[in-house]
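Working notes, beginning with the structure itself.
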Amino acid sequence: MKFSYSLKIKFVISYVLFTTFLLSSILIYFYVSSKGQIKNRAKQESVYYNRILSEAIQTQIQHTKFELQDLRLQWLSTFPTKKNIRGIKGSKMAPLKKFVSGYPRKYTEIAILNFPKKEKYCIRPLLALNGKIEYVTVHESISQVRSGLLGTEGYSLKGELRMRAPDLALPAHPVQFVLPLFPKLGLYLSASINFDFLIKQSVLDAKCPDSIQPFITDSSGSILYSNNVAWLNQSLFQIFSLPTYFLDECYKNRNATVIIKEDACFHCAYLLNMKSYVGIQRKFASEMEQLNQQIFEAILFAGLIFLIAGVLGHFQLIRMTQSLSEVTRVSNRVAEGDFTEKIGVTRKDELGVLIEAFNQMVDKLDENYHKLNQMNTELKRTIDDLHQAREELSRQERLAIIGETVSKISHEIQNKISGVSIWVQNLEAQADDDSRLYINEIRNALQSFMDLLINFKNFYRLPKLNKEQVEVISLIDSVLKRYGSELSNKKLKVVKKYGSGQNKIYADANLLEEVLLNILLNAVYFSPSGGTIYCSYGVEKGFHFISIEDEGPGVPLRDRKMIFQPFYTNNPSGSGLGLAISYNIIKAHQGSIDYEDGAQGGAKFTIRIPEDKELT
């Protein structure tokens, strides 16, 4: 009885303390984590819907451009000659009126501008007293076009369409577009868009939930558009007590800056072509109220569980002294090899001694089990390394044997070609002008064959490195300079991204230059005219890396395993040895060369060479 009484006291004290601590910890953790999740979700949704709304605005602008291009084509197809367009009135305004009637609330004005005559013929929709929309044709004189639409070339705007951001000084904030009709005659088509209509349509397209409140502000923070009329023309900083640097941070960091208040979070993104900010207010006050209600209900539920568990524990305690045989049974199972069970209670009485011995035994078995698994993992890694080293050694041996054979064969072929070249020179000395054309083609073919033999020998000959200190950035710029004419011929743009700091490595400068030339040659060949080639350099995780990326078609997925094999090429004029030779050169530097798809869908090759140490 004394033994049982001791266990009861210990149980009651332990149960109260442990259960109280456990339930409190769970409730606190649940509340803190749920609150953090609500705010994090609100932050993510504000960034997401800001991006969706910004894209919707850009889509509306793009649709507007397409509509105006179609209107221009319709007008020009109706009046295709200079003779037709003299005297812009009557039927010549009909296409404009028909176009405006299709978008009565979107376009506030469609006009034809005649700069030589300083005339403006426009169609404007007006809301009549009876609620119907009427269309008024207005003939006005103009002195100048709003600055920024035609640029410095005056009336020489050709086939392009230009847009001007909304004029915030005007009450309706119109957005204006101008595109040419007959530039040589000074005739242009002008359109003014209702700013509020454009934004409202974009908000509808974005399909924001009720918790999302979008708004538009100018660069000073004044709210230009909002579903909440009370916000209009008010300062963003005063209404929501936001710091004055908020818009500047949003402009610099794009999607990174989100300010979280007690019941809402705010995020803005800058629209370059609108010269304004798209803002999102994500409210989460209702979610916090719901969380508080859940916590209150959880406390009540936890209290009920606490009472029920206490009653059940009391009855279990009465039987505990009779359950030592169960502890012995579990110990026997562990001794037989099943050590998944463990008693997680610490005691200082007789039962505690048995439990402690049991736990020590399980810990020891578990420790030995993990050690065995670790040894197996290390053994597998060692076997994989040995297998890879054996394959690389076998490959080098095969290359050495083939290289020796190729060297002998190519030597004999070169001797024959040299003899043929002498015969060609003799023929050229005796040939007339017509024959020299064919002889020159023969000489070019012989030279091409000689180049192929040299590349073939280079591939099967292990590179011998002449290492020296190389400035990587200077080497890249030198290679780009050598291909300057090819880049200019295809109107290719080169974007450089060089990291700061150390840019010197120990390498064979000539061989490394050959690798860059091979990769850049492919990039120039496969890049579309007017495309961009991206060259990057930096130091990362103990390696110098050089990447060259183009905007070409890339390498098909089925061919990517063969790009570094000899004679694989998608270039009809290539030998298929450039990348294979480059692979051998980088391997000789104990580096790596990898292919991946570029950000623009083209090919991206990355070279990695160990940092700041001479290779052995």
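Since the structure is predicted, the reported quantities are computational estimates derived from the model, not experimental observations.
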Can you list everything that forms a side chain to side chain donor-acceptor pair (under 3.5 Å) with [X]? Sequence neighbours excluded, please.
| X | value |
| --- | --- |
| Q60 | D205 |
| K496 | D477 |
| Y595 | D597 |

Qualifying side-chain hydrogen bond (donor to acceptor under 3.5 Å, both in side chains) pairs with a residue from residues 479-491, counting only residues at least two apart or across chains: R482-E513
Of all residues at least two apart in sequence or in a different chain, which pass the salt bridge (charged side-chain N to carboxylate O under 4.0 Å, His left out) check with [X]?
| X | result |
| --- | --- |
| E289 | none |
| E551 | none |
| K39 | none |
| E67 | K106 |

Residues two or more places apart in sequence or in another chain: which of them pass ring pair (Phe, Tyr, Trp, His ring centres under 6.0 Å) with Y277? Y270
Ring pair (Phe, Tyr, Trp, His ring centres under 6.0 Å) contacts touching residues 225-245 (sequence neighbours left out): W231-F240, F240-F266
Can a salt bridge be assigned to the pair K117 and E140 using a cut-off of 4.0 Å between side-chain N and carboxylate O? no
With Q58, which residues qualify under side-chain contact (heavy atoms from CB on, under 4.5 Å), at least two apart? I61, L271, N273
Mind checking side-chain contact (heavy atoms from CB on, under 4.5 Å) for S220 and listing every partner two or more places apart, or none if nothing turns up? D218, S222
